[in-house]
Amino acid sequence: MLSLKYINENINLVKECIKYKKCDININDILSLDLERKSLINKVEKLKANRNQINKQISKNRNDKSEDTTTLISNMKELSVEIKNLDKSLFSINNSLSNKLLYIPNIIHETTPKGSVNDNVVIKEWGKKPEFNFEIKDHKDLCDLNNLVDFKRAANISGSGFPLYTNNGAKLERSLINFMLDIHSKNGYTELFPPFLVNSNSPKTTGNLPKFSDDMYYIDKDDLYCIPTAEVPITNMHLNEILDDSDLPKKYVAYSACFRREAGSYGKDTKGLLRLHQFNKVELVKFVKPKDSYVELESLLKDAESILQKLNLHYRIIALASGDLSFSAAKCYDIEVWSPFEKNI
RNA sequence: GGAGAGGUGUCCGAGUGGUUUAAGGUGCACGCCUGGAACGCGUGUAUGGAUGAAAGUCCAUCGGGAGUUCGAAUCUCCCUCUCUCCGCCA
């Protein structure tokens, strides 16, 4: 979330980025609300200064028994009522302001290509498309043939989108997770195993709430959300902390199950293991100095690529264009792995 | 789920309604002292916000929120976290 201060200092930039990200938001009402907020603060803080002074006077008079305090106290009564009312208005303005701020997307980085999905840029391709001298099967057939995933029985348990890995499928899933965790921790990432359920503040800080609340699983009874990615718990682990810059960068790797309702995407890529409600992911997160962020992003990309190279998978890297960028991203690379059967990524 | 104890600044710790809009210590920074250091002495030492060109001035913050009061770190209620004990435990 961008701070009011930043928005005020960079009005044009913010407006531009809203346009580039194709968000339908007007920041003018935020700016005018902010003016209202400032004038209220001015008023109420003057009154509070006054209150503090009278308060001091009262205690002084009481101590040396010099003067009667009844007039002062009755003045204070009026003052307090006034302050309380102004504070109430200020509170509601602040509330509506911070609500509106949650809908302002992040500023894009200068190297992010501007435009829509069609303007995504292929940065790099690695490896070769594998060729086969026999007819190839899709992943679903392969899973059936080798008893890797039991889609039918999974439906008994939870419904579609919640895969039941079996036999070697279960082992394969586990070893891939291990494989990635091992490599990344060797590369200096601290391994974490985070909670999968989080309070409602956590997805707010990562920009998942309020915008994507329909895509998240929510447990009403305890006011907890199932994480859509390990990024949510990890980003929040240092909440309300001030990190010493000598401790940076902090590099974390974590496995988590990820839960996504995928609301509104029914019928699209729903076969087999594509677009699941629950899937497994190994996530990399870094806390870095702002001036190093883009260098760190490049090295993070390299670390992620190294997994695919070790697995000898043909892939390409895409720099996402502004309109395809997620709400809270400034810059984003997608790594797309070649799928021989689908003949696409 | 029940009962109790606790949460104060970097840390330790005082503080049960008004010279505490947080004592004292410790740590840290700078200065003096010294050949250099330790000790000692002195000064400074939070975060956020409003205002201002700046210096500064002001406001808020004692786990979080609400309340009582002219006035709350202090009293009341709710929540949260840590510790101890009891219950439950697929």
Side-chain angles (χ1 to χ4, degrees), chain A residues 1-11 14 27 30-102 104 156-158 162 164 192-205 209 218-227 232-248 250 257 278 287 289-290:
Chain A
M1 173 178 128
L2 301 178
S3 72
L4 255 180
K5 205 174 179 178
Y6 182 88
I7 292 172
N8 266 310
E9 284 165 1
N10 303 279
I11 294 175
V14 173
I27 64 167
I30 289 184
L31 297 177
S32 66
L33 258 181
D34 185 41
L35 286 181
E36 217 176 305
R37 168 182 153 267
K38 281 178 180 168
S39 89
L40 257 179
I41 286 177
N42 254 316
K43 256 190 231 167
V44 77
E45 287 198 347
K46 262 180 206 152
L47 293 182
K48 281 181 183 172
N50 198 0
R51 177 179 67 182
N52 287 342
Q53 217 160 3
I54 296 179
N55 203 9
K56 227 189 266 179
Q57 192 64 40
I58 289 176
S59 68
K60 204 180 148 214
N61 288 0
R62 267 175 54 118
N63 274 322
D64 52 25
K65 299 199 166 61
S66 56
E67 274 177 67
D68 189 31
T69 53
T70 41
T71 330
L72 286 176
I73 286 181
S74 77
N75 284 349
M76 282 281 272
K77 269 186 194 173
E78 284 174 37
L79 201 55
S80 287
V81 171
E82 213 175 328
I83 289 174
K84 233 171 236 177
N85 287 334
L86 288 176
D87 264 342
K88 251 183 216 160
S89 326
L90 190 59
F91 181 80
S92 81
I93 283 188
N94 278 335
N95 248 345
S96 91
L97 258 176
S98 49
N99 260 331
K100 286 178 193 289
L101 286 175
L102 288 173
I104 297 201
N156 294 337
I157 305 168
S158 307
F162 294 91
L164 169 64
L192 303 170
F193 203 127
F196 294 175
L197 300 186
V198 294
N199 62 34
S200 59
N201 182 58
S202 296
K204 244 184 228 169
T205 65
L209 285 180
Y218 175 62
I219 291 139
D220 190 40
K221 202 172 178 184
D222 300 290
D223 191 27
L224 292 169
Y225 287 85
C226 301
I227 56 172
V232 174
I234 297 175
T235 318
N236 279 282
M237 72 184 275
H238 293 299
L239 184 76
N240 291 335
E241 266 181 69
I242 295 170
L243 300 176
D244 199 308
D245 69 351
S246 62
D247 293 337
L248 300 176
K250 279 184 178 292
Q278 179 184 322
F287 291 82
K289 296 178 212 171

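We name chains A, B, ... by the order of the sequence lines, and we start the count at 1 in each one.
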Q) When you compare B/rA66 with B/rG56, how far apart are their C1' atoms, in angstrom units rounded to a whole number? A) 36 Å
Q | Atom C1', compared across B/rG25 and B/rU16: separation rounded to whole Å | A | 23 Å
Q) Considering only the C1' atoms, how many Å lie between B/rC39 and B/rU45, rounded to the nearest integer? A) 22 Å
Q: For A/K43 and B/rU51, give me the distance from atom NZ to atom C1', rounded to whole Å.
A: 16 Å
**Q.** A/I83 CD1 - B/rG67 C1' separation (whole Å)
**A.** 17 Å
Q: Hey, could you give me the CD1/CD1 distance between A/I104 and A/I27, rounded to the nearest 0.5 Å?
A: 6.0 Å
**Q.** Given B/rG71, B/rG49, B/rA60, the nucleotide with the shortest approach to the side chain of A/M76
**A.** B/rG71
Q) Can A/D34 and A/K100 be said to form a salt bridge (Lys or Arg N to Asp or Glu O under 4.0 Å), step by step? A) CA-CA 11 Å; A/D34 185 41; A/K100 286 178 193 289; over 6 Å; no
Q. Looking only at atom P, what distance separates B/rA46 and B/rG9, rounded to whole Å?
A. 14 Å
Q. Quick one: which of B/rA50, B/rG18, B/rC59 gets closest to the side chain of A/K48?
A. B/rC59
Q: Give, for atom CG of A/L2 and atom CD1 of A/I7, the distance between the pair rounded to the nearest 0.5 Å.
A: 5.0 Å
Q: Answer yes or no: is there a side-chain heavy-atom contact under 4.5 Å between A/V232 and A/Y225?
A: no
Q: Could you tell me whether the side chain of A/I83 reaches within less than 4.5 Å of the side chain of A/V44, counting heavy atoms only?
A: yes
Q) Rounded to the Å, how far apart are A/K46 NZ and B/rA60 P? A) 15 Å
Q: For B/rA5 and B/rA23, measure between their C1' atoms and round to the nearest Å.
A: 25 Å
(Q) Measuring only the P atom in each nucleotide, how far is B/rG71 from B/rG18? A whole number of Å is fine. (A) 14 Å
Q) Across the strands shown, which category fits A/I41 at heavy-atom distances under 4.0 angstrom: base, sugar-phosphate, nothing? A) sugar-phosphate
(Q) Categorize A/N55 for me: base, sugar-phosphate, or nothing, with a 4.0 angstrom heavy-atom threshold over every strand shown. (A) base
Q.
Output the pairing pattern of RNA chain B as a dot-bracket string, 5' first, Watson-Crick or G-U wobble with both distances under 3.5 Å, | for cross-strand pairs, [ ] for crossing pairs.
A. ((((((((..[[..)..(.....]].((((((.......))))))((((((....)))))).[[[[[..)....]]]]])))))))....
Q: Could you work out which one of B/rG49, B/rC59, B/rG18 sits closest to the side chain of A/K5?
A: B/rG49
Q: For B/rC62 and B/rU57, measure between their P atoms and round to the nearest Å.
A: 23 Å
Q: Quickly work out the A/E45 CD to B/rU51 P distance and round it to whole Å.
A: 9 Å
Q) Which listed nucleotide (B/rC58, B/rA50, B/rG18) is nearest to the side chain of A/K38? A) B/rA50
Q: Find the distance A/K88:NZ to B/rA66:P and express it as a whole number of Å.
A: 11 Å
Q. When rounded to the nearest 0.5 angstrom, what is the spacing between CG in A/N52 and NZ in A/K48?
A. 9.0 Å
(Q) Suppose we screen for salt bridge (Lys or Arg N to Asp or Glu O under 4.0 Å). Which residues come up paired with A/K204, at least two apart in sequence or across chains? (A) none
Q: Round to the nearest Å and state the distance from A/R37 atom CZ to B/rU51 atom C1'.
A: 13 Å
Q | A/D34 vs A/I54, nearer the 5' end of RNA chain B by closest nucleotide | A | A/I54
(Q) Measuring only the C1' atom in each nucleotide, how far is B/rA90 from B/rC85? A whole number of Å is fine. (A) 25 Å
Q | Side chain of A/S59 - closest among B/rU68, B/rU19, B/rA50 | A | B/rU19
Q. Mind checking whether A/N99 and A/N95 have side chains closer than 4.5 Å, heavy atoms only?
A. no
Q.
From the set B/rG18, B/rA60, B/rA50, return the single nucleotide nearest to any side-chain atom of A/N52.
A. B/rA60
Q: Write down the distance between CG (A/N201) and P (B/rU80), rounded to a whole number of angstrom.
A: 15 Å
Q: Could you check how far NZ of A/K77 sits from P of B/rC70, rounded to whole Å?
A: 5 Å
Q. Does one side chain, of A/N199 or A/S202, offer a donor that lies under 3.5 Å from an acceptor on the other?
A. yes
